Amino acid sequence: MPWRCGRFLLPVEQRTLIMGIVNATPDSFSDGGRFFAPEAAVGHARRLAQEGADILDVGGESTRPGAKPVPAKEEMRRVVPVVEALQDLRLPISVDTRKPEVAKAALAAGASLVNDVAALRAQGMAELCAEHQCGVVLMHMQGEPRTMQQAPSYSEVVREVGDFLAERASFAEKAGMARDAIALDPGIGFGKTVDHNVQLLRGLGTIRDLGYPVLVGVSRKGFLGALSGAEKTEERLPAGLAATALAIAQGADIVRTHDVQATRAAARIADVLAGRKVAP
Ligand code: HH2
């Protein structure tokens, strides 16, 4: 079944979709400050669209480990002009936010989906998404960005993350969201050790069995550095492509990335070799 995001029907059943990251932030972990000015963010988003992004994910608050929360007004000031300026692309634009005020303003500016790292835990977010009939990504995070990497702990990480996502999806549907508007994300790096991330990527099938498209974000993340030795974020692309291809083989339907062109090529190969999608 396609993934319904407002007026867009995204063909997740045909091929892995590429979500390009547009961080309009001064402090994101790998590109903070580079695309902070709205014109810089818009220019970057247009480049990612040209490289073949299926979705553009615009964020105005870093959720890297240790990040400080950003007031809603400031987050809106960062994302709304970017969402507005990208409407001529006719691509689905996602807003990466946990705040209903920000989501509301971005939806009014033309966004078609809400990528919520807090999985609709903020009061009013589920009702807002139901009212707009937008798409939604429900992501698992243990704790809060400021402290989440201090001592992540699970007894069985794949089962616990799966149970959480199942509960959140049912919450979203009870609030009036359509089932085909929901995608799930295990939240790689969000309150997880390297081993938790590895177990989740190996166990994606369990999350996929819940019956929703699965989104995975590994791009430039710390566990890739820990496993490959690539300390600098800008050196992590090869490791990220390997993880992406295997995540697709394990069940990922949408991959979120800073590096659209390379990830798209890796995804095309993985789709065919894993035999998961329709061959071209
Ligand atoms: N990762 C980041 C941010 N948002 N959303 C989803 N659904 N899944 C993810 O894995 C995910 C996410 C972190 O990456 P980035 O946006 O580059 O960094 P920052 O949060 O520092 O802006």
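Residue numbers count from 1 along this sequence. Both counts, for ligands and for their atoms, begin at 1 and track the order of listing. Everything numeric in this text was worked out from a predicted model, so none of it was measured.
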Heavy atom of the protein closest to atom 18 (O) of ligand 1 (residue, atom name, distance)
Phe29 CD2, 3.2 Å
In terms of residue, atom name and distance, what is the protein heavy atom nearest to atom 21 (O) of ligand 1?
Ser62 OG, 2.7 Å
What residue and atom, counting heavy atoms only, is the protein's closest point to atom 6 (C) of ligand 1, and at what distance?
Asp185 OD2, 3.1 Å
Student check: side-chain heavy atoms of Val137 and Trp3 closer than 4.5 Å:
yes
With a cut-off of 4.0 Å, which atoms of ligand 1 are near a heavy atom of Asn23?
15 (P), 16 (O), 17 (O), 22 (O)
Thr16 side chain to Asp271 side chain, donor-acceptor N/O pair below 3.5 angstrom
yes
In terms of side-chain heavy atoms, does Glu160 have a donor or acceptor partner in Ser155 at a distance below 3.5 Å?
yes
Under 3.5 Å side-chain donor-acceptor pair for His140 and Lys192
yes
Per-atom filter on ligand 1: closer than 4.0 angstrom to a heavy atom of Phe190 are 1 (N), 2 (C), 3 (C), 9 (C), 10 (O), 11 (C)
Is the closest basic N to carboxylate O distance between Glu51 and Arg47 below 4.0 Å?
no
Is there at least one pair of N or O atoms, one from Ile21 and one from ligand 1, spaced under 3.5 Å apart?
no
Is Arg77 paired with Glu74 through a side-chain N to carboxylate O contact shorter than 4.0 Å?
yes
Salt bridge present between Arg46 and Asp88 (N-O < 4.0 angstrom)
yes
Any side-chain donor near an acceptor of the partner, Glu61 and Thr97, under 3.5 Å:
no
Determine whether the side chain, the backbone, both or neither of Met139 has a heavy atom under 4.0 Å from any heavy atom of ligand 1.
side chain
Do the two ring centres, one from His196 and one from Tyr154, sit under 6.0 Å apart?
yes
Protein heavy-atom partner closest to atom 4 (N) of ligand 1 - residue, atom, separation in Å:
Asp96 OD2, 3.1 Å
Just distances here: any N/O of Ser28 and N/O of ligand 1 closer than 3.5 Å?
yes
Considering only heavy atoms of Val117, which atoms of ligand 1 have at least one such atom less than 4.0 Å away?
4 (N), 5 (N), 12 (C)
Proximal candidate to atom 11 (C) of ligand 1 [heavy atom criterion; set Arg220, Arg256, Arg98, Met141]
Arg256
Is Val137 near ligand 1, meaning one of its heavy atoms is under 4.0 Å from it?
yes
Among all the protein's non-hydrogen atoms, which is closest to atom 5 (N) of ligand 1, and how far away is it?
Asn115 ND2, 3.1 Å
Counting non-hydrogen protein atoms only, what is the nearest one to atom 17 (O) of ligand 1? Give residue, atom name and distance.
His258 NE2, 2.7 Å
Does the cation-pi check pass for Arg220 over Phe29, that is, NZ or CZ under 6.0 Å from the six-membered ring centre and within 45° of its axis?
no
protein heavy-atom neighbour closest to atom 20 (O) of ligand 1 works out as Thr63 N, 2.8 Å
Looking only at protein heavy atoms, identify the closest one to atom 10 (O) of ligand 1 and say how far it is in Å.
Lys221 NZ, 2.6 Å
